[in-house]
A.B. asks: 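A single structure is presented below for examination.
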Amino acid sequence: MKLDTRQVEQKWKKFWVDNEIYKVSNDSDKPKYYVLDMFPYPSGAGLHVGHPLGYIASDIYARQKRMSGYNVLHPIGFDSFGLPAEQYALQTGIHPAVSTEQNIIRYKEQLSNLGFSFDWSREVSTSNPEYYKWTQWIFTLLFSHYYDISAQRAMPIDHLVNHFESKGSEGIQPFQGEAVEFTAEEWKQYSDKEKSDCLMNYRLAYQKTGYVNWCEELGTVLANDQIKDGVSERGGYPVVKKAMTQWYLRSTAYAERMLQELDDIDWPDPLKTMQRNWIGRSTGASVFFELDNHSESLEVYTTRPDTIFGVTFMVIAPEHPLVNQITTAGQETEIKDYIDYVNSRSDIERMAEKKVTGAFTGAYAIHPFTGAKVPIYISEYVLIDYGTGAIMAVPSDDERDMSFANKFNIPIIDVVDKSKYPGATLDDKIGVIINSDFLNGLEVADAIQLATEKIEEKGIGQLQINYRLRDANFSRQRYWGEPFPIKYNKEGIPSMIPADELPVTLPDTENFKPGGDGKSPLSLIEDWVNIDGEHLRETDTMPAVAGSSWYYLRYMDPQNKEAFASKESIDYWQNVDLYVGGAEHAVAHLMYARFWHKFLFDTGYVNTTEPFKKLINQGKIQGIIESIYLDKSSKDKKCFYSADIVEESQMDRYAKIPVHIDYVSNYGHPDSHLDLEGIQKFIDWAKEYKNAEFHTSTGVFQGGNLSNGQTNEFKFVTVSEQGKMSKSKYNVINPDDIVDRYGADCFRIYEMFLGPIEQDKPWDTNGIEGVFKFIRKLWSLFVQDDDQVNISDEAATKEELKILHAAIKKVREDSERFSFNTCISAMMVCVNELKKANCNKREILDPLTRLVAPFAVFVAEELWEMLGNEASVHQQQIPHFEAKYLVDDEIEYPLCINGKKRASAVFPANTSKSDLEKLAQENQEIQKWLEGKNLIKVIVVPKRMINFVVK
RNA sequence: GCCGAAGUGGCGGAACUGGUAGACGCGCUGGAUUCAAAAUCCAGUUCUCGCAAGGGAGUGGGGGUUCGAUUCCCCCCUUCGGUACCA
């Protein structure tokens, strides 16, 4: 009986479906355990070998938990709204709903080949109206709540309205910005529009002006990653910042709780650190500076109020609303030119820029303590979204301020004497204050406190806690997303579409082109936009993060029509116990989901404060990108050069053209190259290079002919680099092909065997043979040479039990720390040793089958059947480790001289420390090393090692 | 720029709490079996000096702590992820 993976997989897949092996009930006496994979986006390229890495790990863990007596929820679904489908529609005219549906079908096929224990009856996709009805519903909930600062939680907006009606704004602080004060009487006098505008300062979903990347030529708003080097990736057109009214979510309201409650969750420390830094809490002061010749004042935020006497200039963001008002006539051109320059740059470029740029507005602020006139500049290093979008510059104690002062010849006043602290840098916040009036002589920490007090005393500012976190921009000018459940009346006042009218479904269309002037394609569908002659719909749609911020809750009760999930289901499943996904989601998705979950907690819809209790990051599997050098200067005639004849110093002359890895011989190795057949394939595929020349050290190939050199010697060397596996690099490895050849179990185990789950690693199909051998060897323990199943009922020996239990111990311990690669090593060692011992005993093979079952899910079923069992192995108990089988009578000690191993010796396990020292010293090899040396001391670590320190 | 991570043989990696560096697997070399191949099995495989016995070096680079450092501390280099509209 030979192992036929295809037949085995088919047989058991059917058995699982017929018997609903992986169906999960919300009603169970068992303890619950929720294992979640990050939401896949169903891309047109299909699944490549990198995608399942996390799914395999979580599947193994879910199966082990199930075999340990838990009721395990392990669902999957699709994050099916997104930009790529819309891009594809623009290019091909195929409706995103259609292409998305096809992609999902393909993904499901590919996933089902890998033996995952998903409960498919719980599948969801975010673009399904049954699903996005609830995304919209949560949005209306956000719209109708505000963040009550004193209660530190979300409250219904009606409470606020009632308060305004009876007491006005008294005792109410908006979450951020300057409080507008009004009495109850004034509130009642407000027009509807004024009331709406006022409430916008409080709502958790609100409107304000934001900046988008606008590309005039394409007539559309671009995502950051559609922009390369300041121009559109498609077409290379200029991109500028454009101000538009957009929806925002007040995520900053939850900044403090998101920060504090990080302590309660079991996530990797680096991830928590990234979130802490992203939230970026700082304590400082906001200070108002009077302006010379203007009635307005300029608010800045500083974490170093102690250095206020060192202020020699101010810098405000180029987008700052005051810029237009304060710029003097003489400076207008300079300021305008500079703003044009800044508008063409992305935030990343702005922050990464080392070169100092800026422009003088011509206006001055008045220093609140010295009365000095301080010039006001604009510069890209000040960002409008952070703090107040304005800083007081202290060139003596801030690196960027210092470069700026140097460049623009602005004086520098030293205010912190760091001579007491040699080696202290500007970031260290230590030193003694000088040149600063009442602050002189104080240590920095004390000076910060006193300066803040003085600022408050003078009524020009106050102590303030600030967050780097910004409110989430929630508007997209796209078709393929959730429509907002919002309508506007004739005055332009937004209101919610009532819950019983949800979902607001996406209207069908064949035109996915942008609506003009930054409007979404939806704005062109007039009979949809116009509701009743009185109201117009919001035509922007929500971003992809909307649907993925709460999907884990929908899995708890995916078919519910009355609620996003029933109270009972949420009470039972609560939150996710284990979440597996990539570190690239560290801040964006994981922040949004935490924010939504806390909001749903405040509103009483969930009973936990955090969505994901434990989180594991998975690394990426990288591909090999093969490319060839094209001479950029060869205009009429395309010339390629073999990598071995291209000189390092000449690199600028060449462009790297990616080549499909299937054409490359020895791909991924230093010797990778195209032979003649490979070149022929390449030019058949990339027809524009049909007549190109291919220069090598031995000859030139052109149009099917080779000049100079032998056909069999021809080698056109390619460049191999490790990088993303992607359709555009022609290096995608499809798991289907691997499964077809080696079986799903082999694929699963090989992916885990590649290395630690959290690390990035390159894919190399070559290594898979070792795992294939392991599976066949495991099989051969049950089925011997005569192809007959042959299992013995003899009692196992002490040695065999030791082999088995060493593996059980290692697999169970290492699984708990998600070190699956070492689990597999342990199982390999176990099978190798059992094979050597010719062991085919049931007493060993039965637990061994249950041990490997979560990894080799199909083969284990077949082996379980061979053992004479009926039900699925996946419904059995995981084997227990018994320490008594692993007790050693003797221990082999390394004997070291000065920490370096020089010999080894075996001693009984119960030898005393002093006996060990004596016996080790008598060792012949050690005697040789001690000869003529001074023995200073002997270090004996029982059960570990013995070290002689000599001189 | 800022935040986070990684760097160990030809390759993927192991060494969990400071205690034998290179488990396990790929590849490679030699051998057995075979008409031959596949498959399987056996032996070897960090580099370096040496016929050998046996030395020496060695975990990205430099320094430090320690009897002992891949592991802890400081500085530097390279690569990868994120940087708010890819998901």
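Just so we're on the same page: letters track the sequence lines, and every chain starts at 1. In this text, all values refer to a predicted model and were calculated from it rather than measured experimentally.
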A.B. asks: Can the positive tip of A:Arg400 be found less than 6.0 Å from the middle of the six-membered ring of A:Phe404, inside 45° of the ring normal?
C.D. replies: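 Pair A:Arg400/A:Phe404 does not count as cation-pi.
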
A.B. asks: Is the centre of the A:Trp278 ring less than 6.0 Å from the centre of the A:Tyr467 ring?
C.D. replies: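 Centroid separation for A:Trp278 and A:Tyr467: 6.0 Å or greater.
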
A.B. asks: Looking only at side-chain atoms of A:Lys928, point me to the closest of B:C86, B:G55, B:G12.
C.D. replies: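 Minimum distance to the A:Lys928 side chain belongs to B:G55.
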
A.B. asks: Any luck finding a side-chain donor-acceptor pair between A:Asn466 and A:Ser282 under 3.5 Å?
C.D. replies: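 Distance-only check fails for A:Asn466 and A:Ser282.
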
A.B. asks: Tell me whether B:G9 sits syn or anti, counting syn as a glycosidic angle within 90° of 0.
C.D. replies: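 Here B:G9 takes the syn form, which means its glycosidic angle is within 90° of 0.
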
A.B. asks: Listed in order of residue number, which residues of residues 268-278 of chain A have a non-hydrogen atom at under 4.0 Å from RNA chain B?
C.D. replies: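 The answer is A:Pro270, A:Thr273, A:Met274, A:Asn277, A:Trp278.
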
A.B. asks: Counting only Watson-Crick or G-U wobble pairs whose two distances fall under 3.5 Å, which nucleotide matches B:C16?
C.D. replies: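 Here B:C16 is not engaged in any pair, so there is no nucleotide opposite it.
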
A.B. asks: Given that both distances must come in under 3.5 Å, which nucleotide forms a Watson-Crick or G-U wobble pair with B:G7?
C.D. replies: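 With both distances under 3.5 Å, B:G7 matches B:C77.
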
A.B. asks: Partner of B:A43 by Watson-Crick or G-U wobble geometry, both contacts under 3.5 Å, or none?
C.D. replies: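 In the structure as shown, B:A43 has B:U29 as its Watson-Crick or wobble partner.
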
A.B. asks: Students often get this wrong, so: under 4.0 angstrom with heavy atoms, is A:Pro756 touching a base, only sugar-phosphate, or nothing?
C.D. replies: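 A:Pro756: backbone/sugar contact only, no base atoms under 4.0 Å.
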
A.B. asks: If each of A:Lys901 and A:Lys724 is mapped to the nucleotide of RNA chain B with the nearest heavy atom, which maps nearer the 5' terminus, i.e. the 5' end?
C.D. replies: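 Checking each residue's closest nucleotide, the 5'-ward one belongs to A:Lys901.
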
A.B. asks: Counting any heavy atom closer than 4.0 Å, what does A:Arg470 reach on the DNA or RNA strands: base, sugar-phosphate only, or nothing?
C.D. replies: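 Since a base atom lies under 4.0 Å of A:Arg470, the category is base.
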
A.B. asks: Strictly under 3.5 Å: I want the nitrogen or oxygen pairs between protein and nucleotides 64-70 of chain B, one per line.
C.D. replies:
from  : atom 1 : to       : atom 2 : distance (Å)
B:C67 : O2     : A:Asn947 : ND2    : 2.6

A.B. asks: What is the nucleic acid contact for A:Val221, judged by heavy atoms within less than 4.0 Å: base, sugar-phosphate only, or nothing?
C.D. replies: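 Base contact.
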
A.B. asks: Touch check for A:Ile824, heavy atoms < 4.0 angstrom, all strands: base, sugar-phosphate only, or nothing?
C.D. replies: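 Nothing, no heavy atom under 4.0 Å.
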
A.B. asks: By nearest nucleotide on RNA chain B, pick out whichever of A:Lys777 and A:Arg902 is the more 5' one.
C.D. replies: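 Looking at RNA chain B, the more 5' nearest nucleotide goes with A:Lys777.
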
A.B. asks: Tell me the interatomic distance from A:Gln622, atom CD, to B:U79, atom P, rounded to whole angstroms.
C.D. replies: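 Computing the A:Gln622:CD to B:U79:P distance gives 13 Å.
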
A.B. asks: Under the 6.0 Å and 45° cation-pi test, does A:Arg594 pair with A:Trp267?
C.D. replies: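 Satisfied, under 6.0 Å and within 45°.
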
A.B. asks: Could you tell me the separation between the CD atom of A:Gln87 and the OG atom of A:Ser99, rounded to the nearest 0.5 Å?
C.D. replies: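 With rounding to 0.5 Å, CD (A:Gln87) is 12.0 Å from OG (A:Ser99).
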
A.B. asks: Using purine N1 to pyrimidine N3 plus N6-O4 or O6-N4 for Watson-Crick, or N1-O2 and O6-N3 for G-U wobble, both under 3.5 Å, which nucleotide pairs with B:G50?
C.D. replies: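 The answer is none; no pair meets the criterion.
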
A.B. asks: With a 4.0 Å limit, can you tell me whether A:Arg776 has a side-chain N or O closer than that to the phosphate oxygens OP1/OP2 of B:U40?
C.D. replies: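 Checking B:U40 against A:Arg776, a side-chain N or O does come within under 4.0 Å of OP1 or OP2.
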
A.B. asks: Quick one: is A:Lys773 getting a side-chain N or O under 4.0 Å of the B:A39 phosphate, OP1 or OP2?
C.D. replies: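 Checking B:A39 against A:Lys773, no side-chain N or O comes under 4.0 Å of OP1 or OP2.
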
A.B. asks: Across the strands shown, which category fits A:Ser904 at heavy-atom distances under 4.0 angstrom: base, sugar-phosphate, nothing?
C.D. replies: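 Counting heavy atoms under 4.0 Å across all strands, no contact is made by A:Ser904.
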
A.B. asks: Between B:C86, B:C41, B:U20, spot the one nearest the side chain of A:Leu83, thanks.
C.D. replies: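 For A:Leu83, the side-chain atoms sit closest to B:C86.
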
A.B. asks: May I ask which nucleotide in the shown strands pairs with B:G22, Watson-Crick or G-U wobble, both distances under 3.5 Å?
C.D. replies: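 Its partner is none (no Watson-Crick or G-U wobble pair with both distances under 3.5 Å).
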
